[in-house]
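In what follows, a single structure is set out as structure tokens and then discussed.
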Amino acid sequence: MSNTLFRTKKVEQSILDTEEPEHALKKSLSALDLTVFGVGVIIGTGIFVLTGKVAKENAGPGVSLAFVAAGVACGLAALCYAEFASTVPVAGSAYTFSYASLGELPAWIIGWDLVLEFALGTAVVAVGWSGYVRSLMDNAGWHLPDSLGGRDGATGFGFDILAAALVLVLTAILVVGVKLSARITTLVVAIKVTVVLIVIIAGAFFIESKNYTPFIPPAQNVEAGSGIKSPLIQIMFGWAPTNFGVMGIFTAASVVFFAFIGFDVVATAAEETKNPQRDMPRGILGSLFICTALYVLVSIVVTGMQKYTELSIDAPLADAFKATGHPWFAGVISFGAAVGLTTVCMILLLGQTRVFFAMSRDGLLPRFFSRVHPRFRTPHRPTILLGVIIAIVAGFTSLSELAELVNIGTLFAFVVVAIGVVILRHTRPDLPRSFRTPLVPWVPILSVLASLWLMLNLPAETWLRFGIWMVIGFVVYFLYGRTHSRLGRQPESAAGGPQDPPGGTVR
């Protein structure tokens, strides 16, 4: 039984499956489209909100170093993703990569994890978008009833109609075609990046050097239970919670990691890319580099405009301009945040439907969902199903306590992909690799360690919720996925046979 749980799917078979007429996605994306997707999903609430929070509570002006640290951790993972995405250009991202290297059960686990990650991410971002839009509407004198704004009114009923409507509209766009999604994303990303550049360029004229002193505030003990550090860190290492200092930089890095979530979504579009061997590495690494540079510059500017102790937590960028006597920029920033979140929501939804599609094509989920639309060549069935479910969840739930599940799910995927790169190098050295992760196994090992470190900084409650979701996933796999897997019904030439060890046969 253990051999069947770790049976691997040959890369050649994965690629062959993409050519089946009823299950083949349309190839229409370029390197520019992928880079725009990456920038579109990475630049979201993180750059508009987290800067003030971590500067005030964890790192002071040194928050820019926290963004660098988080960017390096993501960069290590991105190098691993780039090799896999160019070698195995199939929808599903980390799920597909795991199936080719670690085996069916690990692949199921990571696929189940990604479904939760992208679903929650989409819903959370939709609710955040709704908040920005309601704020802009209130400023214009238009007011939604409390019962339709996600707030409990006198009746105790609340449904966020804006969040639900956004998800449904984006679902329709994704059904029509990924190229249309790319065109809309390009337009919205242009607006969003313009707003970020306005913050950087305009804010640079209001920087006061005294606000950078001290750049890294000295460490100081804080009361236990303050939440500055994860209880897991305290239990494992016996460290007392601290504010600031060098450790404050690393604590801040685990928080601002939220701002980088999304570059891995680019890998889910590998099957719809015209030249994935060349364009996937460019899209993944290019989008991450651009966003890291923008994050660092924004954090330097905002902490220079206003003393870190006075920064707003809810809207640090907008309030920093208000503090300098330029409220007009605050309105521009709010508009950019509202517009920008639409692309984040769209691309997270895109990523989830592609993972679901890949799992159903392999038989681990009902094959009904793996048939593409005869005209648009998109996975319309899972897109519609998941879009409706997420719209309902976003309408009724604030999800504030579940948001960190998105983070732990992403980091878990990073760990699996990094391990998979090392295993596939050993089991399939013959595979053509247009992009190779440098310094294997050291870069993947560093990626695993960096991801685990950030995971340990998350609250214990997040680990508990994540464990519960994984247990549910095991139940679903053993009741349905294992017995319906196409790999179990294919000849051994398409997969590692019963005699193969975990990771497949060395070929």
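Remember, it's a predicted structure, so these values are computed and weren't measured experimentally. All heavy atoms count here, side chains included; hydrogens, waters and symmetry mates do not.
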State whether the side chain of K307 and the backbone N or O of T213 hold a donor-acceptor pair below 3.5 Å, judged by distance alone. yes
Is there side-chain contact between F321 and W328, with heavy atoms separated by less than 4.5 Å? no
So, Q277 side chain and S434 main chain: donor-acceptor pair closer than 3.5 Å or not? no
Hey, is the main chain of L79 close enough, under 3.5 Å, to the side chain of T437 for a donor-acceptor pair? yes
Please give me the minimum heavy-atom distance between Q306 and E310, naming the atom from each residue. NE2-O, 3.3 Å
Step through it carefully: locate the ring centre of F356, locate the ring centre of F118, and say whether they are under 6.0 Å apart. no
Step-by-step side-chain hydrogen bond (donor to acceptor under 3.5 Å, both in side chains) determination, E117 to T410: CA-CA 7 Å; E117 172 197 339; T410 301; 2.6 Å; yes
Within the structure provided, determine whether M280 and Y81 are in side-chain contact (heavy-atom separation under 4.5 Å). no
Between W129 and T342 the two heavy atoms that sit nearest each other are NE1-CG2, 3.2 Å
Kindly give the heavy-atom pair with the smallest separation between V339 and V188, and that separation in Å. O-CG1, 3.1 Å
Stepwise, does the side-chain contact (heavy atoms from CB on, under 4.5 Å) test hold for I110 with F97? CA-CA 10 Å; I110 197 64; F97 307 157; over 6 Å; no
Please say whether more than 12 non-hydrogen atoms of neighbouring residues, nucleotides or ligands are located less than 6.0 Å from CZ in F289. no
If every non-hydrogen atom of L29 is compared with every non-hydrogen atom of F37, which pair is closest and at what distance? CD1-CE1, 3.8 Å
Side-chain heavy atoms of T383 within contact of T378, under 4.5 Å: no
Look at the side chain of D160 and the backbone N and O of G395, then say whether any donor-acceptor pair between them is shorter than 3.5 Å. no
Answer yes or no: is there a side-chain heavy-atom contact under 4.5 Å between I200 and L294? yes
With heavy-atom distances below 4.5 Å as the criterion, would you say the side chains of F67 and T292 are in contact? no
Tell me, with the steps shown, if F412 and I109 meet side-chain contact (heavy atoms from CB on, under 4.5 Å). CA-CA 10 Å; F412 181 63; I109 293 172; 3.8 Å; yes
Can you check whether M305 reaches E208 side chain to side chain, under 4.5 Å on heavy atoms? no
Do the side chain of K56 and the main chain of L311 share a donor and acceptor less than 3.5 angstrom apart? yes
Would a distance-only check, ignoring hydrogens and angles, find a side-chain to backbone donor-acceptor pair under 3.5 Å from S447 to V443? no
Would you say the side chain of T171 lies within less than 4.5 Å of the side chain of L349, judging by non-hydrogen atoms? yes
For F335, does the CZ atom sit with more than 12 other heavy atoms under 6.0 Å from it, leaving out its own atoms? no
Any side-chain heavy atom of L446 sitting closer than 4.5 Å to one from L439? no
Take R436 and E83 through the side-chain contact (heavy atoms from CB on, under 4.5 Å) test and state the conclusion after the steps. CA-CA 5 Å; R436 299 176 69 88; E83 174 170 328; 4.3 Å; yes
Mind listing the closest non-hydrogen atom pair of A418 and V448 along with its distance? CB-CG2, 3.7 Å
Could you go step by step and tell me if L65 and F215 meet the side-chain contact (heavy atoms from CB on, under 4.5 Å) rule? CA-CA 10 Å; L65 300 179; F215 191 74; 4.0 Å; yes
Distance, nearest 0.5 Å, that separates OG of S451 from CG of L456: 11.0 Å
Between A126 and A394 the two heavy atoms that sit nearest each other are CB-CB, 4.3 Å
At what distance, to the nearest 0.5 angstrom, does OH of Y212 lie from CD1 of I300? 6.5 Å
Between W112 (side chain only) and W469 (backbone N and O only), is there a donor and an acceptor less than 3.5 Å apart? yes
Spacing of NZ belonging to K192 relative to CD1 belonging to I43, to within rounding of 0.5 Å: 6.0 Å
Please determine, by modelled atom types, if T273 and D279 share a side-chain donor-acceptor pair under 3.5 angstrom. no
